Amino acid sequence: MRDPVTSGPGGPAGSAAGAAADDLAFVVTGRPRPGRWVAILGAAFLAVWLAYTIIVNPNLHWDVVARYQFDGVVLEGLWVTVQLTLISQVVGIAIGVVAAVMQLSDSPVLRTVAGAYTWFFRGTPLLVQLIFWFNLALIFPEIGIGIPFDGPKLVSWQSNALITGFVAALLGLSINEGAYMSEIVRAGIQSVDPGQREAGASLGMSNRQVLTRVVLPQAMRVIIPPFGNQFISMLKTTSLVSVIAGADLMTVSQHLYLANFEVIALLIVASLWYLVLTTIASVAQHAVERRFNPAGAPPPLHRRVLGNLRPGRGGGRGPRPAKTVERTAEKRTAEKRTAEKKTAEKKAVEKNTTEKGEAK
C-alpha cells in the first residue's frame, strides 16, 4: 500500500507536476502598440506648436492681458457673474423641485401646468427669453399689486425702473434653469424604489415628510451629476447677459474693448476667468458626488490625468503591467498548492482511520 501523502498531489509526484505546470505558465504582457506612440508624439508636437504659436504671437498683446486680468472693473464684472450664477441656480432648483412634484402629482391640472411650463421654457431660446424680460415694459408699463381684473392697485412700480439688466438676467436665467432642473429632479425621484415611499407612509409620515426625509436624500445620487453639469453650464451661459447690459464679466469686457480696441486681449481675459470658475465648480462637483455616492463616483481628476499619461494604470484602461500579472499568477498557484495539500492530508487521515477500524 502506497502512502497517499507521499504519492498524492502534495508529495514529490505532486511537486514535480506543479513544477512542470510552472514551466508551462504564461506571462501576460502588454501588446506592442506603435500606433499609440505615434499618436502620442503627434499630439505632443501639436500641443507644443500651438503653445509656442500662441505665446510668441505679437498680435495677442499679452501685456494688455496681464494689465486687465486683475483690473478693478473686470473683477466687478466677475463678481456680478458669480452672483448671477449662484442666485439663478438656487431659484432654479426651487422652481425645479416644485415643478417636478407637480408633474408627479395625481392631479391632472397640476401635471398639465407643470408640463406646459417645462415645454415652453425648454423649447424657446434663452437669448429670446432674456430680451423679452428686459423689454417687459413694452407689454406692462406698470407692475403693481392689487385686485385683479382691472381693480384698484395697492402698490405699483414703473417697469423700466424695476426691471433693470440685472433683474431681467435673474428672471431669464432662473426661470429657464427651473425648467431643466424639473426634469432632472423628476428623474431622480422616479429612480427611488416605490417601496421606500410605502415604508415611509407605513411609519405614519406625511407626504411632505416622505418626500423630504426618504425620497429626496436617496434621489440625490441621481440628481447631483446632471446638477453639477447644469451649474457649470450656468456659469458660461451668464455671458448671454451681455446683450441686455447685465454688467457681468462679458459685458464689462465688451465695454473695455470697445473703448481701447483690444478685442482679442479682453476676450482672453474673460476666457481665463471663465476657465477658473468652471475648474473650481468641477472640483466641487466631484467632491459632492463622492459625498453622496462614494462607490459610483469617478476617480479624482489628477488620477485620471496620470492614468491617461501612463497606459495600463488609469481607470482600468489598457492591459495590466507584466509584474502585476506575474504576482497574481504566483499567488493563485500558491493558493492552489495549499488547497491540494490540505485535501491530500485530509484524505490520508480518513484512510488511516478507516484501516485502523477494520483491523480492530
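The basis for the numbers below is simple: all heavy atoms, side chains too, and nothing from hydrogens, waters or symmetry mates. None of the values given here were measured: they were computed from a predicted structure.
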Side chain [X], main chain [Y], donor-acceptor under 3.5 Å:
X: D248; Y: T251; value: yes
X: S191; Y: G188; value: yes
X: W273; Y: Q69; value: yes
X: Q230; Y: E177; value: no
X: S88; Y: T85; value: no
X: N135; Y: I131; value: yes
X: R111; Y: L104; value: no
X: E183; Y: A179; value: no
X: T118; Y: G115; value: no

Side chains of [X] and [Y], donor plus acceptor under 3.5 Å:
X: S174; Y: Q89; result: no
X: Q103; Y: R186; result: yes
X: Y68; Y: N260; result: yes
X: E142; Y: S159; result: no

Within the structure provided, determine whether [X] and [Y] are in side-chain contact (heavy-atom separation under 4.5 Å).
X: F132; Y: I139; answer: yes
X: V192; Y: L216; answer: no
X: L130; Y: L171; answer: no
X: R208; Y: L211; answer: no
X: N229; Y: Q285; answer: yes
X: V214; Y: M205; answer: yes
X: V215; Y: Q196; answer: no

For the residue pair [X] and [Y], what are the closest heavy atoms and their distance?
X: V167; Y: L162; answer: CG2-O, 3.7 Å
X: S105; Y: L110; answer: OG-CD1, 3.6 Å
X: T279; Y: L275; answer: OG1-O, 2.7 Å
X: I223; Y: V185; answer: CD1-CA, 4.1 Å

Within 6.0 Å of [atom1] in [X], more than 12 heavy atoms from elsewhere:
X: N207; atom1: CG; answer: no
X: Y274; atom1: OH; answer: yes
X: R221; atom1: CZ; answer: no
X: R67; atom1: CZ; answer: yes
X: W157; atom1: CH2; answer: yes

Distance in Å, F134 CZ paired with N160 CG, rounded so as to fall on 0.5 Å steps: 8.5 Å
Out of curiosity, I40 CD1 to R36 CZ, how far, rounded to the nearest 0.5 Å? 6.5 Å
Stepwise, does the side chain to side chain contact (heavy atoms under 4.5 Å, CB included) test hold for N57 with W62? CA-CA 9 Å; N57 193 329; W62 288 106; 5.7 Å; no
With ring centroids as reference points, do F121 and Y117 lie under 6.0 angstrom apart? yes
Run the side chain to side chain contact (heavy atoms under 4.5 Å, CB included) test against A284 and tell me which residues pass, sequence neighbours left out. none
Side-chain donor-acceptor pairs under 3.5 Å in residues 73-84, sequence neighbours left out?
unit_1, atom_1, unit_2, atom_2, d
T81, OG1, G77, O, 3.2
T81, OG1, L249, N, 3.0

Would you tabulate the side-chain donor-acceptor contacts of residues 263-272 under 3.5 Å, counting partners in other chains and residues two or more places apart, or write 'none'?
unit_1, atom_1, unit_2, atom_2, d
S271, OG, L267, O, 2.8

